[in-house]
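Data block below; observations after.
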There are 2 protein chains.
Amino acid sequence: MEIVTPKCLGKREARKQDRRAAILAIAKRHFMEQGYVGVSMSAIAAELGGSKGTLWSYFASKEELFDACVDEVTREYREQVMQLLVPSDNLQATLCAFIRSLLRKVTSREAIQLHRVIHAEVERSPEMGEIFFRRGPQRTRELLAAHLQDAMHKGQLRAADPLKAAFALTSLCMGSQQRAMLGHQFSDAEIEDETDYIVDLFLRAFAPEPGAA
Amino acid sequence: MEIVTPKCLGKREARKQDRRAAILAIAKRHFMEQGYVGVSMSAIAAELGGSKGTLWSYFASKEELFDACVDEVTREYREQVMQLLVPSDNLQATLCAFIRSLLRKVTSREAIQLHRVIHAEVERSPEMGEIFFRRGPQRTRELLAAHLQDAMHKGQLRAADPLKAAFALTSLCMGSQQRAMLGHQFSDAEIEDETDYIVDLFLRAFAPEPGAA
DNA sequence: AGAAAATCGTACCCTATAGTACGGTTATGG
DNA sequence: CCATAACCGTACTATAGGGTACGATTTTCT
């Protein structure tokens with residue numbers, strides 16, 4: 001039976017996995033750069049180097065390949081965004097670092113492309129949007145919320161619903177994302193300015209109330 | 001009869017304009033609902049009722065027709081959004097009314113579809129995004145900024161760059177738009193809550209400073 | 001009425017592209 | 001060493017869709 005054999009794969013199996021990964025990598029790049037309709041299976045097969053029959057032996061249709069790509073890209077994206085929050089003892093510094101990273105991330109070319117593709121796909125399968133939202137932006141906000149709640153307990157911020165506060169803080173970055181999605185390229189200086197502005201605004205809005213202990 | 005015919009067009013010209021408008025109306029609906037690639041010229045011609053030749057006699061290509069549609073839709077959209085700010089003597093009430101309308105607008109089905117289509121088109125013609133941004137969201141912000149500047153002069157808000165403040169206020173609505181673009185349907189109650197939350201947050205962040213005159 | 005413009009219906013061309021078929025070839029495993 | 005699974009190359013099918021051609025017909029202008 002040998003269930004616990006993580007890798008006692010023969011060369012056959014190994015090669016198949018490599019091949020599948022190679023196909024996914026190529027397809028991912030193409031789909032993210034040119035969208036679903038902009039990419040032909042023939043083009044992918046051509047770059048892959050083999051014959052079209054081989055490609056179809058791994059993915060039975062264009063849709064199946066595309067779905068696999070979206071799965072992987074969203075997973076990677078989420079994992080990257082989740083790492084942006086690095087706690088420190090200074091609240092303002094923590095928030096600045098987080099917002100700076102988040103702004104960089106959401107205005108990056110790859111994020112723009114991913115959002116574009118996702119948005120286009122929500123039409124075809126509406127549940128995908130909800131899935132993406134819950135596993136992407138929502139998780140980030142939950143993580144951030146936990147941190148804000150800490151700060152609230154410490155009296156660094158006024159008491160409030162931490163999830164809504166996190167939603168507000170990240171929403172403040174969405175204006176920039178909108179501009180990015182409409183073609184604007186942000187410079188480092190712009191990111192820096194925007195970061196400071198957002199954090200300052202947030203800290204004012206959630207400043208501890210004078211009367212509180 | 002001659003009811004002050006602003007345009008002494010013969011029936012020929014009149015009919016041509018009607019026809020053109022009819023084509024645009026049909027094409028607009030199709031493009032907004034199914035995107036550029038999702039619509040075939042044959043389908044538009046079929047719904048129009050005539051022959052394909054006629055369609056091509058009005059618009060020389062699919063791209064030309066599409067561009068005309070985007071022009072019109074963005075113009076309508078902008079005009080509608082520009083009317084959302086109705087000044088009153090109560091700042092909070094004014095902002096609430098504006099934000100409520102804006103949230104409703106940016107989460108509406110038609111706005112979502114428009115943004116989707118625009119986003120998809122930025123790839124093909126990057127300058128379109130910039131044009132849309134300047135004539136759409138940016139104009140709204142300028143209008144709002146003028147109003148905020150008034151409030152700042154009156155001491156209802158602390159002195160600050162009004163355009164950046166307007167950008168922040170509208171950014172706060174973008175989180176909701178993101179959710180809408182990912183498929184979430186907002187209820188009236190959600191809009192109401194979100195409105196109150198955003199305006200409260202904004203007013204806290206831009207509260208007049210204690211030391212000021 | 002008669003010329004001119006627009007329209008119609010329909011058949012057609014051309015290209016792109018998803019997906020298939022198949023016979024020959026190479027690598028893998030036992 | 002041989003059976004077999006994967007692979008290759010290439011040619012092929014089928015369909016969709018943008019765009020054209022053209023003769024017949026209707027509508028409008030003068």
Side-chain angles (χ1 to χ4, degrees), chain A residues 1-2 5 7-31 33-70 120-121 124, chain B residues 1-2 5 7-31 33-70 120-121 123-125:
Chain A
M1 220 23 205
E2 311 299 322
T5 52
K7 321 201 170 169
C8 72
L9 346 121
K11 278 192 180 175
R12 279 253 259 278
E13 295 303 313
R15 188 173 168 76
K16 272 180 85 168
Q17 290 194 4
D18 280 3
R19 201 78 164 148
R20 192 186 154 92
I23 295 175
L24 269 178
I26 293 171
K28 251 164 50 184
R29 225 188 48 242
H30 277 80
F31 281 135
E33 279 171 11
Q34 293 156 253
Y36 184 76
V37 284
V39 179
S40 79
M41 291 293 269
S42 303
I44 294 174
E47 187 175 335
L48 183 62
S51 94
K52 291 173 70 172
T54 306
L55 179 52
W56 260 269
S57 81
Y58 282 92
F59 298 93
S61 71
K62 190 181 180 181
E63 287 227 358
E64 196 175 312
L65 175 56
F66 180 74
D67 286 353
C69 288
V70 171
E121 285 321 295
R124 300 196 326 176
Chain B
M1 202 56 186
E2 311 302 318
T5 56
K7 305 175 187 172
C8 46
L9 351 114
K11 278 192 179 174
R12 277 253 259 280
E13 295 303 311
R15 189 174 167 77
K16 273 180 86 169
Q17 290 195 4
D18 281 2
R19 201 79 163 148
R20 192 187 154 92
I23 295 175
L24 269 177
I26 292 171
K28 251 164 53 183
R29 226 190 46 242
H30 278 79
F31 281 135
E33 278 169 12
Q34 293 155 255
Y36 184 75
V37 284
V39 178
S40 77
M41 291 292 269
S42 303
I44 294 174
E47 188 176 334
L48 183 63
S51 92
K52 290 173 72 173
T54 306
L55 179 51
W56 260 269
S57 81
Y58 281 92
F59 298 92
S61 72
K62 190 182 181 182
E63 289 227 356
E64 195 175 313
L65 175 56
F66 180 75
D67 286 353
C69 288
V70 171
E121 285 321 296
E123 302 245 289
R124 301 195 327 176
S125 48

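Each chain gets a letter, A, B and so on, in the order the sequences are listed, and its residues count up from 1.
Using a 4.0 Å cut-off, some side-chain N or O of A:Y58 falls inside it from OP1 or OP2 of D:dC7. Side-chain nitrogen and oxygen atoms of A:K52 include none within less than 4.0 Å of the OP1 or OP2 phosphate oxygen of C:dG19. In this structure, B:R19 reaches the C:dC8 phosphate: one of its side-chain N or O atoms is under 4.0 Å from OP1 or OP2.
Separating the CE atom of A:M41 from the P atom of D:dA16 is a distance of 19 Å, rounded to the nearest angstrom. D:dT27 atom P lies 16 Å from atom CG of B:D18, rounded to whole Å. To the nearest angstrom, P of C:dA6 lies 13 Å from CD of B:Q17. Look at CZ on A:R15: it is 21 Å from P on D:dT4, rounded to the nearest Å. B:E13 places its CD atom 10 Å from the P atom of D:dT30, with the value rounded to the nearest Å. Between the CG atom of A:L55 and the C1' atom of D:dC8 there is a distance of 13 Å, given to the nearest Å. We find that CD of A:Q34 is positioned 15 Å from C1' of C:dT17, with the value rounded to whole Å. The CZ atom of A:F59 sits 15 Å away from the P atom of C:dA18 (whole-angstrom rounding).
Taking the six-membered ring where tryptophan is involved, the planes of B:Y36 and B:F31 are essentially parallel, since the angle between them stays under 30° and well short of 60°.
Using a 4.0 Å heavy-atom distance criterion, B:G49 is classed as a sugar-phosphate-only contact. When heavy atoms are screened at a 4.0 angstrom cut-off, A:V37 is found touching no nucleic acid atom at all.
The nearest pair of heavy atoms linking A:E47 to A:R29 is OE2-NH2, 2.9 Å. Closest of all the heavy-atom pairs between A:I26 and A:L48 is CD1-CA, 3.7 Å.
At least one side-chain heavy atom of B:W56 sits less than 4.5 Å from a side-chain heavy atom of B:K52. When side chains are defined from C-beta on, B:M41 does not count as touching B:F59, because their heavy atoms never get closer than 4.5 Å.
The side chain of B:T54 lies closest to C:dT7 when the candidates are D:dG18, D:dC8, C:dT7. Across C:dA18, C:dA6, D:dG9, the shortest atom-to-atom separation from the side chain of A:S51 is found for D:dG9. Distance from the side chain of A:K16 is smallest for D:dA6 among the nucleotides D:dA6, D:dG17, C:dA18.
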